[in-house]
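Basis for what follows: all heavy atoms, side chains included, without hydrogens, waters or symmetry-related copies.
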Amino acid sequence: QSPKDRAKEIEGVLDWCRTYNVKPVDDGSVPGFKKIGSIPISRRSPEERKDDVDNILTWIRAGKPEDDDMADEFKKIDTMLPKKKGQSPKDRAKEIEGVLDWCRTYNVKPVDDGSVPGFKKIGSIPISRRSPEERKDDVDNILTWIRAGKPEDDDMADEFKKIDTMLPKKKGQSPKDR
């Protein structure tokens, strides 16, 4: 990682901290990362899943009849999933099958009892409170700090140092590049 890339990384964290009015603190209160267990995989073979997609697609093309063996589950999932504009029947069938497979993997019955609220649109995404010029100045200041050997006497050295120690090192990154 080049010093410029590192400076941009540190500046990004600083910008986030300023946006959310958070001071960079490394007091050990944030636990380290833990490895997660294995990712669950489907219990059904690709052929069985393809058959499910075909069955759902047939159900959709037949007008979603209610006399089909699996129609109840298909219908519950179909009504729970939001409709996408311009979605093809095949894409819809794949989406329904994905939910059905997830339900089978986790032993969950698809239920539409109204207990799960509908989707709501979220508000606007917070943007940086600093101008691009101010952010560029931050990157330049951090880069100067890195190139000067990360001196302790700089006004912003405490923040730079805290963030620099919190960010993980890149693979193959030497202490000099950091």
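- With sequence neighbours excluded, the residues satisfying side-chain hydrogen bond (donor to acceptor under 3.5 Å, both in side chains) with Asp78 are Lys64, Arg92.
- The structure places CD1 of Ile163 at 11.0 Å from CD of Glu9, a figure rounded to the nearest 0.5 Å.
- In this structure, OG in Ser45 is found 4.5 Å from CD in Glu47, a value given to the nearest 0.5 Å.
- Residues passing the side-chain hydrogen bond (donor to acceptor under 3.5 Å, both in side chains) test with Asp51: none are found, sequence neighbours excluded.
- The distance from the CG atom of Asn55 to the CD atom of Glu97 is 10.5 Å, given to the nearest 0.5 Å.
- The side-chain hydrogen bond (donor to acceptor under 3.5 Å, both in side chains) search around Lys94 returns none, not counting sequence neighbours.
- Scored by the salt bridge (Lys or Arg N to Asp or Glu O under 4.0 Å) test, Glu152 finds Lys161 as partners (sequence neighbours excluded).
- Remark: Arg49 CZ to Asp101 CG distance equals 3.5 Å, nearest 0.5 Å.
- Not counting sequence neighbours, Pro132 has no partner by the side-chain contact (heavy atoms from CB on, under 4.5 Å) test.
- Two different hydrophobic clusters hold Val139 and Val13 under the rule that ILVMFWY side chains link at heavy-atom gaps under 4.5 Å.
- Partners of Arg104 by salt bridge (Lys or Arg N to Asp or Glu O under 4.0 Å), not counting sequence neighbours, listed by chain and number: Asp52.
- Considering only residues two or more places apart in sequence or on other chains, Asp158 meets the side-chain contact (heavy atoms from CB on, under 4.5 Å) condition with none of them.
- Every residue two or more places apart in sequence or in another chain that forms a salt bridge (Lys or Arg N to Asp or Glu O under 4.0 Å) with Asp140 is listed here: Lys136.
- Pairs engaging residues 76-102 under the ring-ring contact (aromatic ring centres under 6.0 Å, His included) rule: Trp102-Tyr106 [sequence neighbours left out].
- Shown here are the side-chain contact (heavy atoms from CB on, under 4.5 Å) partners of Ala71, two or more places apart in sequence or in another chain: Trp59, Asp68.
- Residues that satisfy the side-chain contact (heavy atoms from CB on, under 4.5 Å) test with Thr58, not counting sequence neighbours, are absent from this structure.
- Rounding to the nearest 0.5 angstrom, the gap separating the OG1 atom in Thr79 from the CD1 atom in Ile96 is 9.0 Å.
- Checked against side-chain hydrogen bond (donor to acceptor under 3.5 Å, both in side chains), Lys83 has no partners two or more places apart in sequence or in another chain.
- For the pair Leu14/Phe160, a side-chain contact is recorded, criterion being any heavy-atom separation below 4.5 Å from C-beta on.
- Across all their heavy atoms, Ala93 and Leu57 have their closest contact at CB-N, 3.8 Å.
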